[in-house]
Amino acid sequence: MILTGPEIERQVNLGRISITPFKKSHVTTNSYDLCLGSKYLKYNENMIDVKVMSRYNIFEIPSEGLRLGKRDFVLAETEEKIGSNYFVPLIHAKSGIARVGLFVHITADLIDIGSFGKSTLQLFATMPITIYPGMKIAQVTFWQPVGEIKLYDGKYQHSDGPRPSMIYMDFKK
């Protein structure tokens with residue numbers, strides 16, 4: 001069962017959904033609009049080996065915008081920190097962004113119950129485009145779970161900024 005926009009706002013007010021910062025104007029019919037944060041990550045590697053921690057740099061997105069060239073790939077952050085111990089957040093790209101040639105993939109679109117933090121957005125430009133901090137880029141819906149809830153306590157908990165892949169840690173088990 002998906003929550004409607006008014007129910008999302010009600011649950012935020014009850015403290016059962018956390019969205020920081022929360023802007024009432026971002027509540028839609030059955031989702032909440034998320035904005036592009038101020039940081040992005042670019043890998044330094046020409047070839048990624050998933051068994052090894054990759055080198056990367058984190059940069060600020062200038063207020064005059066970040067120009068992505070055709071086929072550029074970066075990881076960016078959402079402005080908002082989101083989470084819930086009661087509902088399952090599911091993040092989707094905004095259709096208007098896809099229509100201008102920017103593929104926004106949410107690196108983990110199905111957010112675990114109990115996970116709190118900024119989401120990492122995978123951005124791939126199909127043509128040159130300029131993006132701006134604070135622009136609406138994604139949306140989050142909230143779903144009612146059925147069954148026993150076990151809260152998330154994984155490697156991406158409390159993300160603050162774009163997070164690189166930590167898949168290499170899975171090989172060390």
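Residue Met135 places its CE atom among more than 12 non-hydrogen atoms of other residues, nucleotides or ligands, all under 6.0 Å distant. Annotation: Lys136, atom NZ; neighbour count of heavy atoms from other residues, nucleotides and ligands within 6.0 Å is above 12. Crowding of Arg16 atom CZ: a count of heavy atoms from other residues, nucleotides or ligands under 6.0 Å exceeding 12.
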Under the side-chain contact (heavy atoms from CB on, under 4.5 Å) rule, what do Gln11 and Phe87 come out as? Steps first, then yes or no, please. CA-CA 10 Å; Gln11 293 298 328; Phe87 302 99; 3.5 Å; yes

Take Tyr43 and Phe73 through the side-chain contact (heavy atoms from CB on, under 4.5 Å) test and state the conclusion after the steps. CA-CA 9 Å; Tyr43 286 110; Phe73 169 81; 4.2 Å; yes

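Side-chain N or O atoms of Thr141 include one that pairs as donor or acceptor with a backbone N or O of Leu90 at under 3.5 Å. No donor-acceptor distance shorter than 3.5 angstrom exists from the side chain of Ser84 to the backbone of Ile17, with no hydrogens or angles considered. With hydrogens and angles ignored, the 3.5 Å screen pairs no side-chain donor or acceptor of Asn13 with any backbone N or O of Arg10.
In terms of heavy atoms, Ile111 sits closest to Val88 at O-CG1, 3.6 Å.
With respect to Lys118 and Glu77, a salt bridge is recorded, a charged nitrogen being found less than 4.0 Å from a carboxylate O. A salt bridge links Lys24 with Glu9; the closest basic N to acidic carboxylate O contact falls under 4.0 Å.
Note on Leu151: it clusters hydrophobically with Leu110, by side-chain heavy-atom contacts below 4.5 Å among ILVMFWY residues. Ile58 and Leu75 fall within the same hydrophobic cluster, where Ile, Leu, Val, Met, Phe, Trp and Tyr residues are linked whenever their side-chain heavy atoms come under 4.5 Å apart, directly or through other members.
The aromatic rings of His26 and Tyr32 are tilted relative to each other, their planes meeting at an angle between 30° and 60°.
Contact check for Ile82 versus Leu34: side-chain heavy atoms found under the 4.5 Å cut-off.
Thr78 is linked by a side chain to side chain donor-acceptor pair (under 3.5 Å) to nothing, counting only residues two or more places apart in sequence or in another chain.
Side-chain polar atoms of Ser31 and His92 form no donor-acceptor pair below 3.5 angstrom.
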